[in-house]
Student: 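Provided herewith is a single structure, encoded as structure tokens, for subsequent inquiry.
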Amino acid sequence: MQVCVYYLVLRALDTVEDDTSLDTEIRVPILRKIYCHFYDPEWHFSCGTMAFKVLMDQFHHVSTAFLELDKNYQEVIKAITKRMGEGMAKFLCKEVETIEDYNEYCHYAAGLCGLGLSKLFYASGREDLAPESLSISMGLFLQKISIIRDYLEDINEVPKCRMFWPRQIWSKYATKLEEFKYEENSVKAVQCLNEMVTDALLHAEDCLIYMSNVRDPGLFRFCAIPQIINMGNLAMYYNNVEIFKGVVEMRRGLCAKIIDQTRTMADVYRAFFDFCCIMESKVDRDDPNASTTLKRLESISKTCINSGTLKQRKFYIFNHQPEFIIPFLITSFLIMLAIHLSTKIP
Ligand SMILES: CC(C)=CCC/C(C)=C/CC/C(C)=C/COP(=O)(O)OP(=O)(O)O
């Protein structure tokens with residue numbers, strides 16, 4: 001229940017932050033003060049679209065549920081919402097220029113979410129309190145991959161584009177971030193993408209340490225499944241020009257397999273190791289960041305190998321093969337059946 005309320009509260013913050021149809025001057029005070037409205041069951045603020053609009057229009061359900069939580073949980077949720085709202089408000093008025101800004105923005109948008117979750121796990125008595133920096137890395141790793149994936153959506157946002165890729169990185173490859181949308185800039189766009197992926201890889205090892213310390217099986221799956229999907233997405237985005245053309249998403253079958261088969265830390269090491277191998281195989285030696293990328297991948301792979309748990313290797317690597325073969329076999333069978341039946345019918 002506490003995680004559900006926490007999610008809805010943070011989703012409300014995100015909805016206010018994302019609604020570019022509202023002026024910054026309107027959104028900033030809402031972001032800064034939303035935590036005060038948890039105590040006012042009448043409060044709501046109409047913004048966002050679809051399910052997010054329903055959430056905002058009927059926010060009283062969230063505040064009612066919030067007030068039913070234990071005081072310990074309320075304090076954690078309130079404190080994180082306050083800090084996150086402040087940070088998001090800061091970045092509505094400021095561009096992400098440097099890598100330091102990028103890390104700071106991701107800290108507010110997701111690092112704090114990780115910190116709050118660790119505090120909720122601790123308050124529930126199911127976990128020890130995780131070190132802050134590891135909790136923050138769990139959020140940063142997810143957030144950075146989300147920012148990489150959303151390049152096109154953010155740049156095409158109306159009425160005003162949004163830019164979370166740091167200028168310090170993209171300015172090495174373009175004079176304007178939107179240049180990456182155009183086919184003729186594909187080579188530079190992919191080089192920039194690869195640098196963004198290489199930067200995100202910095203958080204993978206912290207995530208492995210964090211997850212290796214989670215004891216409760218339910219909480220472990222809650223943490224591990226999104227991180228494996230995240231690492232798989234990162235492998236898919238690396239060196240992939242499609243990021244600049246539309247949505248690139250992991251196949252649902254592979255997501256389902258991850259959800260179904262993730263139980264222990266050995267499953268996480270195996271997945272991270274396989275996705276590192278996939279990325280390694282995609283590194284173009286002429287890429288300006290190739291050696292840094294390879295170094296980071298090697299370091300993550302070593303952590304997985306040193307865990308001593310990699311028995312069933314290449315679990316995710318070869319899996320696309322059967323998924324390709326099955327539709328092929330079904331089609332072949334249907335064709336043969338059709339031929340057979342056509343010879344029987346006079
Ligand atoms: C300790 C621990 C378990 C930490 C995890 C912290 C956590 C869940 C951070 C959220 C990160 C993230 C990418 C949110 C956006 O989701 P989205 O893809 O729905 O984003 P969007 O709709 O805003 O694009």
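Just follow the structure's listing: the first ligand is 1, and inside any ligand the first atom is 1.
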Student: If the criterion is any heavy atom closer than 4.0 Å to an atom of ligand 1, which residues make the list?
Tutor: Arg11, Asp14, Ala110, Cys113, Gly114, Leu117, Met138, Gly139, Leu142, Gln143, Ser146, Arg149, Asp150, Tyr210, Cys223
Student: Side-chain donor-acceptor contacts of residues 128-141 below 3.5 Å, not counting sequence neighbours, with atom names and distances?
Tutor:
residue, atom, partner, partner atom, Å
Asp128, OD2, Arg215, NH1, 3.2
Ser135, OG, Ser118, OG, 2.7
Ser135, OG, Pro131, O, 3.3
Ser137, OG, Ser133, O, 3.1
Ser137, OG, Asp206, OD2, 2.6

Student: Is it true that Lys257 and Asp260 make a salt bridge, defined as a side-chain N closer than 4.0 Å to a carboxylate O?
Tutor: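 The answer is no: the pair does not qualify as a salt bridge.
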Student: In a check of salt bridge (charged side-chain N to carboxylate O under 4.0 Å, His left out) between Glu298 and each of Lys302, Lys295, Arg296, which one passes?
Tutor: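 Of the listed residues Lys302, Lys295, Arg296, the salt bridge (charged side-chain N to carboxylate O under 4.0 Å, His left out) partner of Glu298 is Lys302.
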Student: Suppose the criterion is salt bridge (Lys or Arg N to Asp or Glu O under 4.0 Å): which pairs have a residue in residues 168-181, not counting sequence neighbours?
Tutor: Lys172-Glu195
Student: Without hydrogens or angle criteria, can the side chains of Glu205 and Ser299 be said to hold a donor-acceptor pair below 3.5 Å?
Tutor: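 Note: Glu205 and Ser299 side chains meet the donor-acceptor criterion.
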Student: Could you note down all residue pairs passing salt bridge (Lys or Arg N to Asp or Glu O under 4.0 Å) where residues 28-52 supplies at least one of them, sequence neighbours left out?
Tutor: Arg32-Glu86
